[in-house]
Amino acid sequence: MRLHSIFFFFFFCLGALNAALPKPIIPSRVAEIATMIPDNPQAISPSYKDRDAWKNIADMKEAKMFIKTLPALIAKGQTPFVDSIYLDYSKTGRRELADKMIESRGNYLFRLVFAECIENKGTYIPEIEKAIISLCKQTPWTLSAHDKDLKTYYGKEMYVDLVVATFGFGLAESLFMLDDKISPRVRELALSALHNKLFAPIQNCITTGIPFNWFTYKNNWNSVCLAGIVGAANAVIQDKNERAFYIAFAEQYHTYGIDGYEDDGYCSEGVGYYNYGFRSL
């Protein structure tokens, strides 16, 4: 559950096809998938209630070392969202500070969630809820380099990029992992943010027939974005038919990402990107 730091704009276009009209999501396939999935949301990570699973993790040397870093992390606090840093890309083309800011804000939450699941004492819940509220109030989850016209920054339209998909997945997993530790008010705020920033934009692409370009990219964008969308949907959406819709959507488009791998298994984006895209297939 980490946001990834390797987001170079060069790969935004590498291996991409011209965007085509979205393929229709076949209702009969959605219904078929709905019969195959659990009635309730499921996540990759265990809920904090699975104490056997978290005890095994807590006993690891790495987990013990990780817990020791938490006091300093909380003392430093969540990186603030600074508008001027986000806007710097549109003025100068520099993105490093904005990328670091966006990534750091999400990682702060995910570390606290992991720590709370390990210790299960409620110690980190106030700071976790504070971080969730801050992130939900952050209008753009999109990297500034993927928001060149600032439409997302100004809330005119939401664009799902690599970070929106992976961060949305992480937030949804966090809600699943912490379950009733999160207050109803904060949970509702988070679910609303996931709907507005992740799920609704995808629904809009299908409804309007205007897709995001990565729908048909033959590179990591396709795989990573689809994995994040499906992972988030599976973790928090109660209606299994709606969850099945996003699975069917990914099923329709994941072949483009697969086509980015040659017969010898090599990825056109190079070794550094191989794992990033391949592990999301």
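- Cys225 places a side-chain heavy atom less than 4.5 Å from the side chain of Leu162.
- Taking all atoms of both residues into account, the shortest heavy-atom contact from Ile118 to Arg51 is O-NH2, 3.0 Å.
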Pairs under 3.5 angstrom only: tabulate donor-acceptor contacts from the side chains of residues 175-185 to other protein residues two or more places apart or in another chain.
from	atom 1	to	atom 2	distance (Å)
Asp179	OD2	Lys49	NZ	2.6
Asp180	OD1	Tyr48	OH	2.6
Lys181	NZ	Glu116	OE2	2.9
Lys181	NZ	Asn120	OD1	3.0
Ser183	OG	Glu129	OE2	3.2
Ser183	OG	Val186	N	3.3

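- One distance of note links CZ of Phe199 with CE of Met158; it measures 15.5 Å at 0.5 Å rounding.
- Closest non-hydrogen pair, Pro140 versus Phe81, comes out as CG-CZ, 3.8 Å.
- For the atom pair CD (Glu251) and CD1 (Ile33), the distance works out to 4.5 Å, reported to the nearest 0.5 Å.
- Between Tyr153 and Tyr86, the ring planes lie parallel to each other; the angle is under 30°, not in the 30° to 60° tilted range.
- Of the residues Ile229, Ile247, Ile44, the one that meets the side chain to side chain contact (heavy atoms under 4.5 Å, CB included) test with Asn234 is Ile247.
- Applying the side chain to side chain contact (heavy atoms under 4.5 Å, CB included) test to Leu189 and every residue at least two apart in sequence or in another chain returns Ile133, Cys136.
- Applying the salt bridge (charged side-chain N to carboxylate O under 4.0 Å, His left out) definition to pairs two or more places apart or across chains, none involves residues 187-215.
- Centroid-to-centroid, the aromatic rings of Phe114 and Phe110 stay 6.0 Å apart or farther.
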Step by step, work out the side-chain contact (heavy atoms from CB on, under 4.5 Å) result for Ile25 and Phe245. CA-CA 8 Å; Ile25 307 302; Phe245 171 87; 3.7 Å; yes

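- Taking the six-membered ring for Trp and the full ring otherwise, the centers of Tyr256 and Phe215 sit at least 6.0 Å from each other.
- Salt bridge annotation for Lys55-Asp59: present, with a cationic side-chain nitrogen under 4.0 angstrom from a carboxylate oxygen.
- Using the six-membered ring where Trp is involved, Phe167 and Trp141 have ring planes that are perpendicular, over 60° apart on the 30 and 60° scheme.
- To the nearest 0.5 angstrom, Leu135 atom CG is 12.0 Å from Lys130 atom NZ.
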Stepwise ring-ring contact (aromatic ring centres under 6.0 Å, His included) check, Trp221 with His146: CA-CA 12 Å; Trp221 273 73; His146 305 155; 4.9 Å; yes

Using side-chain contact (heavy atoms from CB on, under 4.5 Å), reason through Lys64 and Ile67 one step at a time and then give a plain yes or no. CA-CA 5 Å; Lys64 296 181 187 297; Ile67 290 297; 5.9 Å; no

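- Residues Leu112 and Ile74 meet the side-chain proximity criterion, which asks for heavy atoms closer than 4.5 Å.
- Atom CE of Met36 has more than 12 heavy atoms from other residues, nucleotides or ligands within 6.0 Å.
- The nearest pair of heavy atoms linking Leu70 to Ala115 is CG-CB, 3.9 Å.
- Note on Lys100 versus Glu103: no salt bridge recorded, every NZ/NE/NH1/NH2 to OD/OE distance being 4.0 Å or above.
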For Met60 and Phe66, what are the C-alpha separation, side-chain angles and deciding distance, and is it a side-chain contact (heavy atoms from CB on, under 4.5 Å)? CA-CA 10 Å; Met60 295 179 180; Phe66 164 72; over 6 Å; no

Apply side-chain contact (heavy atoms from CB on, under 4.5 Å) to residues Met101 and Leu143 and explain how you reach the verdict. CA-CA 10 Å; Met101 175 181 70; Leu143 290 182; over 6 Å; no

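- Heavy atoms of other residues, nucleotides or ligands lying less than 6.0 angstrom from NZ of Lys240 number more than 12.
- In this structure, the side chain of Arg243 engages the main chain of Asp39 through a donor-acceptor pair within 3.5 Å.
- Gly168 approaches Leu198 most closely through the heavy-atom pair CA-CD2, 4.3 Å.
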